[in-house]
Each structure stands twice: as C-alpha cells, then as structure tokens.
Amino acid sequence: MNDTVASLHFKFEVNGGDFAKAGDASSRVKKILQQIGADQAIIRRVAIACYEAEMNVVIHARHGFVVLDADLEKIIIVVDDEGPGIEDIELAMTPGYSTAPDSVREMGFGAGMGLPNMKSCSNEMEIHSRRDVGTTIRMVFENA
Amino acid sequence: MLDAVDKGYFHSVHLLEDKCKGCVNCIKRCPTEAIRVRDGKAHIIEVRCIDCGECVRNCPNKAKTVLADSMTRLKDYKINVALPAPAVYGQFREGTDPRKVLAALLSIGFDHVIDVAFAADMVARKVREVLERPMEVRPLISSACPAVIRLIQVRFPNLIEHIIPMLSPMRAAANIAKHEFLDKPGAQADQVGIWFITPCPGKVSAINDPEGIEESTITGAIPIAEVYPLIREKLRDDTAISAMVDKLKVGSGLGVGWARSGGENQAIGGSRQIAVDGIHNVIQILEEVERGKLSDIDYIEAQACVGGCVGGVLTVENSFITRRRIRLLASENADDVQHDDLISSALECEDWFRHDKPIEPRPTLKLDDDMAVAIRKMEQMERIVEDLPGLDCGSCGAPNCQALAEDVVRGLATEMDCMFKLRERVTELAGEMMLLAEKVPPAMGHVEKKAEEKHAVGEHSTKPEPEPDK
C-alpha cells in the first residue's frame, strides 16, 4: 500500500502458550477498526476471525504476529507463526477437526471450529504452512 | 422529569466544580474514558458517559454527584405512587418484613406502592418464555441494568441485537402503575406522580432519557439514600405500619432476589446463563461475546455495580451485607408469588413487557466521519503514542497515553500536555539557552580577545568555538 492512499499498518506480537494475554491483539484490531469507522458488521466478522487465528498461535505455535492492514477498500489480517505447521490443511478445514491437546480443550478452546469459522467470516482466506516451520494465514475482508 | 434536561443525552452524574481538586482518580477508573481534567477540574464528556456511577464511588473529594429527584417533589402531585427497587429491602436489618418497608413508604408521603420485585416476578417469567424459543442471536443480554445498555450503545454497538427486547422490572412496574392509576376513567395524568426509589444514577438517566420505549411513564427517581432515614424511623416503632401490611402486594423472594447479582438468573431458571457484576467485568464478558466465544450461553445477567443493584451508589448499607440479606429473603419466600387477576391479565399483555422502539447505537470511538481522514488520524495517533512515555500517569488530564494521543488527533489536546514531553522540551530549550548564553557578542568578544592577548601573548587560544546556532 503506498503512502498517497489512506492506509494503516499495525503489527502485534503473540506468544505461544500465553493464555493470559490471548485475545489482546484481536481486541486492539477491533478497537482500531472502530476508530476508523469501519462498518459494525464487518468489525464483528474481523474480530471473530482474528481472535480464532490469534488463539491458534497461542494454542499451537511458539511465537507469531497478527498484522493488520487496512485502507478504504480492504481490511487484511495476516497471522504468521513459527510452529508445528498444519500437516493436512484440507483436513484442518473440516468442522470439528482439532489437534489441540486435552489440556487446551478443557479450557474451552480447540473445538475444531477455528479455521472453518475464519473462512466463513472472511471474504478470502489463504493458508500457507510448512511442517515444523510455521503457518501463515491471510484473510481479506471487503471494507464496504 | 428533572428540570435540568439538556438537549441531547441526559446525564444524572455531574461534577461539583468547587469540590474537584483535579486529581486523576475518576479519569483512571471511568470505564468509557469519559472524563478529562481541564483547567484543574474533571469534566465529563457527555456523549461517552454511561452514568454507571464509578466516578461517584471513586472520588475522594465527593466532587461527583447524582442529580435526582427529592421527596419535596411529592407535593406537586395529588397522588404519589412509589416503585421501590428490590435493593431497598436489603438496607434494613435482618428479619425486616418487606411488607413493612412498603407500609413505611405509604406513611412517609406516598399514596400507593407497586413493588418492583413483584414486576420482576412477571418479567422473569416473560424472559423464560423468550429463552425457551429457538434463538437466532445468542447469548441474549439482560436489559435490566441501564448502565450496561448505555455501555453497549457506546462501546459495543455490535451487541445491541443481543439485548433482550424486554422491559426492565422498573418499567413493567410503571406499566402496572399506569394501568392502575392513569388508565382509569377520570384519572388526571398531571396529578399522578410515579416515583422510582432508585439505587443508582443509571436508573435516573434511564427515566429521563429512556431507551427501547417511546415515552416514560415514570415521573422521576428518588435515591434510596433519601428515603432510608424516613423509612428507618417508621420501622423503629412499627405498630402503626404493622396494621397496613396485609393489604400490600409484595414480590416473591425470587423477585426480591433481582437486587443482587445472580438473583435475576435464579428467578428465570436454567443453566446456560452467566451473571456478571462490576462494569469492568461486564466489559470483559462483552468482549468475549464479540469474539463469538459464548454462543453456548443463552442469557447474560450483567450489572454495572459490584454485587448487583445493592452495590448502587445511591444505597446506604454495605453491599456485601445487603447481598446476604437479599439472599435470605429470596430463600425464605421463594415460592411466595401472589397470583391474582392483575398478574394473569398482565402476563397476557405483551405490551407491558416489550420494547416498542429499537435501541440505537451511540458509537463514540470513530475518529472522523470520513474514513480516509480517520485512517490518517489513526496513523498520526500511533506515531504520537510511540513518542509518549507510556506511563499512563494521567497528569495530562487524559486517563492514559493512548487517550491523550487520541485527544491530540481530535484537536482536543496537545502533546505538550504531557508532563514528560513538556520537561523534555524545557530541557531542550534550556540547552539552547545555554548555547545562546555562551555566544559572545562581537563587541564583547573583541574586548575579551584583547584581554586574552594581553595575558597570553604568543599562545594560541584553546577555548573551543561556541557551536553555531541550530
């Protein structure tokens, strides 16, 4: 995005296993979108999808970032992590499929709805993952 | 209604300027960042204020006050009806019969009394009916606490559709009063005063600036703290009022239970419910709802005050004590609902319980109506935040550095309002002044040079040249 167009860029750090701070990045993203006056229904979808993606980093990965880019047309959320990667993306997209350990499920997470939810909330979603390296999820939301 | 209703939003919480010392206690605790210290006084930003009463509670100088009605207003009406909030019952010592409290109200100036706990019994039943239907939106959020409704309008406009379109027990009680005293042939509306006995400023605002209904039938709100000494006096020697209790209709224990956190859910029944109290806790739960995390919950009872209505700033007794008393009353009279014609006709009448107007959002976060401008301001704000110390000390009059940055891009403050930035700038200026001071006027320099030459003939001066002015 070039400088002559109104656009913004924010990057938030997420630490694997840090459940106490889990959701902070998505809360920040939500507030920023409210401050720029994005449509409430879109904010809601971004908030849900972004939270799911952030939780995936907390549950599965070692470390990652939530990156927000927004302009008048699009809101783009990229969640990039260093972690185990997703072995079979198609399988992971199946509602109810989860690799989260029991300890995490007991906390109410890892119900296997994360990726399907993210897909249904966003207008476009791409997943790139490499085994034992990490996962990058890019979600695009039409901002209008 | 109060005389002081301004154009725009009505607020019951006000600043007493002469008592305010401009400390940062209230700005730091305000859940909607609605207070700024300007010219040494903690002013409330009206569009953001939700009248929760946190600042009233936290001001060490009692500089935040609640504008409510007083008992003296009863003389303006021929007939006065009291609608006591269930929290009233918790104010008096254990074992006090709620009917005696109602009787006491009748002996201090009111002609009739409609127990709000009684209305709560009916509302609980109506809410249960709604929860039993298949729901599109989950969880639903209780509409009983007006500060929570305002909070949702201001900070969580996304969640307005989650608010159950049901009137609060106070409103339902007012509809009963209307049915009994205003809709009767020959009744003159301007001669009937309907008064809510309120535990909190939120209800005062809700009465003067209603949400979800076209018109308020309630005349005004009188603080529990104001009627408390009058009722207490009557309870001291209760022979006169004891004779009256048989005729009085009082809510069940479950209805009374609405006064404490968890009581509303208990009255409604069911298990897929959450009760949250304290405005900051409510915010956290609403965040969870926005994340889509609570879709397995049917109903959220949310109250701005810790402990529920008994924790309201217009009550008298410590809320932990009243909470226990309310719990005891709730368990003693759990099944004591008095069925009669009024209840059965009321329950058939949906209008008595339903919102007749949508609740509108009041979003306040938007930096500009033009999104392109808002995005630029957002960027500018982030640059300012990075440059601020991040101590969130409040000395600038804003609750934290982020809020100051926001005020700056909105044109309401400058970066120099920050003590640390100011100090930095003063240090810079002082440095510049030092440099200037070292700069020697050519004429003087000439004299000095001559003197030096005289003392150190043949030596080169080692004095460094002053730096050129920046």
Side-chain angles (χ1 to χ4, degrees), chain A residues 1 3-12 19-20 22-55 58 68-75 107-111 113-114 116-118 120-121 143-144, chain B residues 32-33 48 137-138 152-162 272 274 283-297 359-386 400 402-403 405-410:
Chain A
M1 291 180 193
D3 275 339
T4 54
V5 195
S7 68
L8 51 81
H9 174 84
F10 282 87
K11 188 172 183 179
F12 305 104
F19 283 90
D24 284 8
S26 331
S27 289
R28 290 276 288 123
V29 166
K30 188 181 75 190
K31 189 169 179 199
I32 290 164
L33 296 180
Q34 281 174 329
Q35 285 175 314
I36 64 168
D39 180 80
Q40 293 297 341
I42 296 168
I43 296 176
R44 186 83 193 266
R45 288 196 283 119
V46 177
I48 293 172
C50 186
Y51 177 71
E52 293 284 5
E54 183 183 354
M55 283 315 298
V58 175
L68 162 72
D69 279 284
D71 61 20
L72 296 178
E73 269 110 53
K74 282 183 168 66
I75 296 165
M107 295 163 76
F109 302 109
M113 292 309 292
N117 245 349
M118 281 147 62
S120 66
C121 285
N143 190 17
Chain B
T32 55
E33 297 185 343
R48 293 189 180 187
V137 179
R138 269 202 299 189
I152 292 173
Q153 290 177 294
V154 169
R155 270 194 61 174
F156 297 90
N158 258 320
L159 299 182
I160 285 185
E161 60 171 10
H162 288 258
R272 291 151 63 99
I274 284 178
I283 289 172
Q284 286 181 5
I285 283 291
L286 295 180
E287 292 263 357
E288 299 283 314
V289 178
E290 271 200 330
R291 289 166 182 167
K293 262 190 76 182
L294 296 178
S295 51
D296 56 341
I297 296 294
I359 295 175
E360 299 293 339
R362 294 180 177 185
T364 54
L365 290 171
K366 204 166 30 165
L367 294 172
D368 202 283
D369 285 334
D370 180 340
M371 199 190 289
V373 178
I375 287 175
R376 282 193 194 100
K377 284 186 176 172
M378 190 71 223
E379 278 186 304
Q380 191 194 347
M381 202 172 122
E382 207 44 32
R383 281 198 299 272
I384 297 170
V385 170
E386 270 169 31
N400 51 58
Q402 188 87 34
E406 193 184 323
D407 288 350
V408 173
V409 299
R410 286 181 191 275

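Naming convention: chains lettered A, B, ... in sequence-line order (proteins, then strands); numbering from 1 in each chain.
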Side chain to side chain, A:Leu8 and B:Glu382, heavy atoms closer than 4.5 Å: no
Gap between atom CD1 of A:Ile36 and atom CG of B:Asp370 - 0.5 Å precision: 11.5 Å
Worked verdict on A:Gln40 versus B:Ile160 for side chain to side chain contact (heavy atoms under 4.5 Å, CB included): CA-CA 11 Å; A:Gln40 293 297 341; B:Ile160 285 185; over 6 Å; no
Criterion side chain to side chain contact (heavy atoms under 4.5 Å, CB included) on B:Arg291 and A:Ser27, from CA distance to verdict: CA-CA 9 Å; B:Arg291 289 166 182 167; A:Ser27 289; 2.9 Å; yes
Those residues that, when tested against B:Arg48, pass side chain to side chain donor-acceptor pair (under 3.5 Å) (two or more places apart): B:Glu406
Distance, nearest 0.5 Å, that separates CD of A:Gln35 from CG of B:Asp368: 12.5 Å
Close side-chain approach of B:Glu287 and A:Lys30, heavy atoms under 4.5 Å: yes
Which atoms of A:Ala41 approach chain B - backbone, side chain, both or neither, heavy atom under 4.5 Å: backbone
Shortest non-hydrogen contact from B:Ala372 toward A:Ala6: O-CB, 3.6 Å
Part of B:Gln380 lying under 4.5 Å from any heavy atom of chain A: neither
Most contacts with chain B, counted as non-hydrogen pairs under 4.5 angstrom, among A:Glu52, A:Met55, A:Gln34: A:Gln34
Spacing of A:Ile32 atom CD1 and B:Ile375 atom CD1 [to the nearest 0.5 Å]: 11.5 Å
